[in-house]
Amino acid sequence: MKITRIEFGMLRVPLKTPFKTALRTVQQVEDIVVMVHTDSGNIGYGEAPATAVITGDTHGSIVDAIRHYISPRLIGEEIADLNRITRLIQTAMEKNSSAKAAVEIAIYDLFGQLYGAPLYKMLGGGDPLVTTDITISVDTIDKMVADSISAVDRGFDSLKIKVGKDIGVDIERVKAIYAAVENRALLRLDANQGWSAKEAVYAIRGLEDAGVRLELVEQPVRARDLEGMRYVTERVHTPIMADESVFGPMEVIKLIHMRAADIINIKLMKTGGISNAVRIADIAAMHQVECMIGCMLETSISVAAAVHLAVAKSDVITKVDLDGPSLCAYNPVEGGVIFNESEISITDAPGLGIREIRGLEPISNCNAAA
Ligand SMILES: C[C@H](N)C(=O)N[C@@H](CCC(=O)O)C(=O)O
Ligand SMILES: [Mg+2]
């Protein structure tokens, strides 16, 4: 099975409600879909969101990176040579992790199709079922409490509460949600870099002292402030998780050696796809550091790949934040992984199992460079 061409589309899916974090507010998913064609007629699917505030990637940069740097290296390559192809992708250029991720995901999809096995089996196997949390966007206290109760009523037993907007209100937000959901759900906080190190310690200790039990706090301080991450990690009982601070394996090694966080959030859009995500999971396992698998605003194309990885690496990926598809107003994908509120399950279909993507627009209709 040889790669013949790589095609793009733009996928726009409205969100059920606006997604609000300390970094941005988003109304709809707008992702680049990548289709890798082969001489056997098989197509591999991948997806990349333009999360410029986190990865630096835009629609234009994703399309340009694939069109001018990654794609020319891959035409004619044999899908069976997976490691060679992932090296070609990762060394095509610096950064551009979302573009690399979209192409790698499509290649791994084809690798599974080539051998007639679902991707998680190609990655080592596992129990094909995971449970995700759901994000509660940062908003007024009343709205966040109402959203939290609604999520718990729909069966989510883990809530990812977005904070990082205003330290005083953040503390009240979390106390109110904790009281409202009582023991029905675990609370994870994500400040998306919104606090200073001292503010983070003040907020987390304040919540601890008030008897609010938190499962973890994600990325309390600026991405580059590893000293700040260590400062917070050393001073609170609640586990601290690094998200925007770590993209690839080398950053994970540094973070672990610095003891700058207790947990690592692996996202395919930061790692540049599955090959580096596997490396990070292995490094973390060697150091007995737990991981979460996370996503950006992605649909069930790229999130499916994250689900397969989570299943295969469940020894170290113990927490799942793959709620992208649950936040979407509808699922544009036919086939693939099955998302049913908090429960995500994998069928026996080869690769990612995607049969069709509805509503793909030609790329010329987006702002991406032609
Ligand atoms: C969607 C997921 N639950 C999430 O919160 N992901 C990111 C933010 C993604 C974005 O801004 O698009 C995170 O910070 O963990
Ligand atoms: Mg985060």
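Computation of the quantities below employed the complete heavy-atom set of this structure, encompassing side-chain atoms and omitting hydrogens, waters and symmetry-equivalent molecules. Atoms within each ligand, like the ligands themselves, are counted from 1 in listed order.
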For [Y], is there an ion pair with [X] - N to carboxylate O distance below 4.0 angstrom?
| X | Y | answer |
| --- | --- | --- |
| K267 | D243 | yes |
| R184 | D153 | yes |
| D170 | R173 | yes |

Protein residues having a heavy atom less than 4.0 Å from any atom of ligand 1: F19, R24, T51, T135, K160, K162, D190, N192, E218, D243, K267, C295, M296, L297, D321, D323

Candidate pair E218 and R188, rule salt bridge (Lys or Arg N to Asp or Glu O under 4.0 Å), full reasoning: CA-CA 8 Å; E218 182 172 343; R188 307 169 168 173; over 6 Å; no

Ring of F156, cation from R154 - is the NZ or CZ under 6.0 Å from the centre and inside 45° of the axis?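 No, R154 does not sit over the ring of F156.
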
If we only count heavy atoms from C-beta on, is the S245 to L226 side-chain gap below 4.5 Å?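 Heavy-atom side-chain distance check passes, below 4.5 Å.
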
With 2.8 Å as the limit, count the protein N, O or S atoms near the Mg ion (ligand 2). 3

From R213, R205, E208, E215, residue fulfilling side chain to side chain donor-acceptor pair (under 3.5 Å) relative to T238: E208

Are S137 and D139 linked by a side-chain donor-acceptor pair shorter than 3.5 Å?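 Checked: S137/D139 side chains show no N/O donor-acceptor pair below 3.5 Å.
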
Parallel, tilted or perpendicular: rings of Y120 and H308 (30°, 60°):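 Geometry flag for Y120 against H308: tilted rings.
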
